[in-house]
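Remarks on the structure that follows.
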Amino acid sequence: MGRLRARILIAGMVALATVGIAPAATAEAGIASRWSEPGPYAVTVEALDSTHTVYRPSRLEKHPVILWGNGTGAGPKVYDGLLRHLASHGFVVAAADTPNAGSGQEMLAGATTLIAENSRPGSPYQGKIDTAHIGATGHSQGGGGAIAAGADARVTTTIPIEPGPQGSAAALKGPSFFLGGQFDTIVVPGLLVVPRYRQADQVPAIYGELGGATHFTPVGDGGGFRGAITAWFRFWLSGDEGARAEFFGPSCGLCRDGAWSDVRRNAKALAVPGA
């Protein structure tokens, strides 16, 4: 991403976070109608360590992990609504406290900390982390960071949201859901997202382009992306069979949802059984 576009991105995110105005709304229908609603868990937000904020269920049971990376110049608070939403659906979200998460290492450090805490006597996380189910997601530069983090064997699924150029899609280890915005002029879907989806032919991969979405739609509560992100992680990380049909089989809810302007599934995704 060029310096001018990076400055535009920072300015846009800061403005949205400061005045509390959500990006342009997209249709809340289809896949969003179920998964966009808050989950059953009360949410606690706290420091995990000196470099990560954690969003988690207030009463810990045993939960999968989501690693989060921010867009350039942004921090977790810019995406507070989305991260709280994911925690309400039973995930422990480790958000890297950095505006430069593109290497993926900042995100993976959150996994390292949570895995260690899962084994540490006296830790509030002891025995509460499902270390076999760790996902990575992020927006813009953080989306590129999610791709980079997805090359780590600990990461079992990845959602790059309007991703930057970081990481190699060909190195992803688990199923991946690439998200683009129809009117994103910073990370143009056809030039910068679809080609990366195509490169991920070694794993089940889906490309979803949200109609009417700009580069700032994910800011705040995730906008029209929120429901699809939640459903994907509920299936791949939580084993929620109710989310399977949103993506797989001939009934594919995402494919039939008019809010999405383009949906593509690669050969491995088409081979995943439906509900």
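Only a predicted model underlies this, so the values are computations on that prediction, with no experimental measurement involved.
- Side chain of Ser238 to main chain of Asp240: no donor-acceptor pair is present (N/O by atom type, distance under 3.5 Å, no hydrogens or angles).
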Open item on the list: One pair to check against side chain to side chain contact (heavy atoms under 4.5 Å, CB included): Ile229 and Ile161. What are the steps and the verdict?
Closed with: CA-CA 9 Å; Ile229 292 167; Ile161 307 168; 3.6 Å; yes

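- Residues Ser168 and Ile147 are not in side-chain contact: their nearest non-hydrogen atoms beyond the backbone lie 4.5 Å or more apart.
- A tilted orientation is assigned to the rings of Trp260 and Phe177, their planes being inclined by 30° to 60°.
- Checked by atom type, the side-chain pair Thr230/Arg34 shows no donor-acceptor distance below 3.5 Å.
- In this structure, the side chain of Asn70 engages the main chain of Thr98 through a donor-acceptor pair within 3.5 Å.
- A donor and an acceptor atom, one from each side chain of Thr51 and Asp97, are nowhere located under 3.5 Å apart.
- Residues Leu86 and Tyr55 are not in side-chain contact: their nearest non-hydrogen atoms beyond the backbone lie 4.5 Å or more apart.
- Looking at Tyr125, Phe91, Tyr41 one by one, the single match for ring pair (Phe, Tyr, Trp, His ring centres under 6.0 Å) with His63 turns out to be Tyr41.
- Under a hydrophobic clustering in which Ile, Leu, Val, Met, Phe, Trp and Tyr are joined whenever their side-chain heavy atoms come within less than 4.5 Å, directly or via other members, Ile66 and Ile159 fall into the same cluster.
- The hydrophobic cluster containing Leu179 also contains Leu210, counting ILVMFWY residues as joined when their side-chain heavy atoms lie under 4.5 angstrom apart, directly or transitively.
- The backbone N or O of Glu37 lies less than 3.5 Å from a partner atom in the side chain of His89, making a donor-acceptor pair.
- With contacts defined as side-chain heavy-atom distances shorter than 4.5 Å, the pair Ile129/Leu60 does not qualify.
- For His133 (side chain) and Gly239 (main-chain N/O), no donor-acceptor pair under 3.5 Å exists by modelled atom type.
- Side-chain atoms of Thr156 and Trp236 form no donor-acceptor pair, as typed in the model, at a separation below 3.5 Å.
- Summarising the geometry of Pro64 relative to Leu237, their closest heavy-atom pair is CG-O, 3.6 Å, with the distance given to 0.1 Å.
- You'll find the side chain of Val272 reaches within 4.5 Å of the side chain of Arg244, heavy atoms only.
- Below 30°, between 30° and 60°, or above 60°: for Tyr79 and His139 the angle between ring planes is above 60°, a perpendicular geometry.
- Looking only at distances, no side-chain donor or acceptor of Glu117 sits under 3.5 Å from a matching main-chain atom of Ser123.
- The two residues Gly71 and Ser140 make their nearest non-hydrogen contact at CA-CB, 4.0 Å.
- Side-chain atoms of Gln202 come within 3.5 Å of backbone N or O of Leu172 as a donor-acceptor pair.
- A donor-acceptor pair is defined here as one N or O able to donate and one able to accept, closer than 3.5 Å; such a pair exists between the side chain of Ser176 and the backbone of Gly174.
- With respect to Lys173 and Asp152, no salt bridge is recorded, no charged nitrogen being found less than 4.0 Å from a carboxylate O.
- Looking only at distances, a side-chain donor or acceptor of Thr157 sits under 3.5 Å from a matching main-chain atom of Pro175.
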Got a list of side-chain donor-acceptor pairs under 3.5 Å for residues 188-199, not counting sequence neighbours?
| unit_1 | atom_1 | unit_2 | atom_2 | d |
| --- | --- | --- | --- | --- |
| Arg196 | NH1 | Gly164 | O | 2.5 |
| Arg196 | NH1 | Gln166 | O | 3.2 |
| Arg196 | NH2 | Pro165 | O | 3.4 |
| Arg196 | NH2 | Gln166 | O | 2.8 |
| Arg196 | NH2 | Gly167 | O | 2.4 |
| Tyr197 | OH | Arg265 | N | 3.4 |
| Tyr197 | OH | Asn266 | N | 3.0 |

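- Between Glu241 and Phe235, the shortest heavy-atom distance links the atoms OE2-CE1, 3.8 Å.
- A salt bridge is defined here as a Lys NZ or Arg NE, NH1 or NH2 lying under 4.0 Å from an Asp or Glu carboxylate O, and Glu209 with Arg264 fails to meet this definition.
- For the residue pair Phe248 and Ala269, the shortest heavy atom distance occurs at CD2-O, 3.4 Å.
- Between Trp68 and Leu82 the shortest side-chain heavy-atom distance falls below 4.5 Å.
- Heavy-atom minimum distance, Val92 versus Arg56: CG2-CB, 4.1 Å.
- Ser88 approaches Val43 most closely through the heavy-atom pair N-CG2, 3.6 Å.
- The closest side-chain heavy-atom distance from Val263 to Tyr207 is not below 4.5 Å.
- Although no hydrogens or angles enter the test, the distance criterion places no donor-acceptor pair under 3.5 Å between the side chain of His52 and the main chain of Ala95.
- Lys128 is not listed as a side-chain neighbour of Glu61, based on a closest heavy-atom distance of 4.5 Å or more.
- Leu48 is not listed as a side-chain neighbour of Thr53, based on a closest heavy-atom distance of 4.5 Å or more.
- Side-chain heavy atoms closer than 4.5 Å link hydrophobic residues (I, L, V, M, F, W, Y) into clusters, and following such links, even through other members, never connects Val65 to Phe233.
- Side-chain contact, Asp49 with Thr113: a donor N or O sits under 3.5 Å from an acceptor N or O.
- Remark: the backbone N or O of Gly127 is paired with a side-chain donor or acceptor of Asn118 at under 3.5 angstrom.
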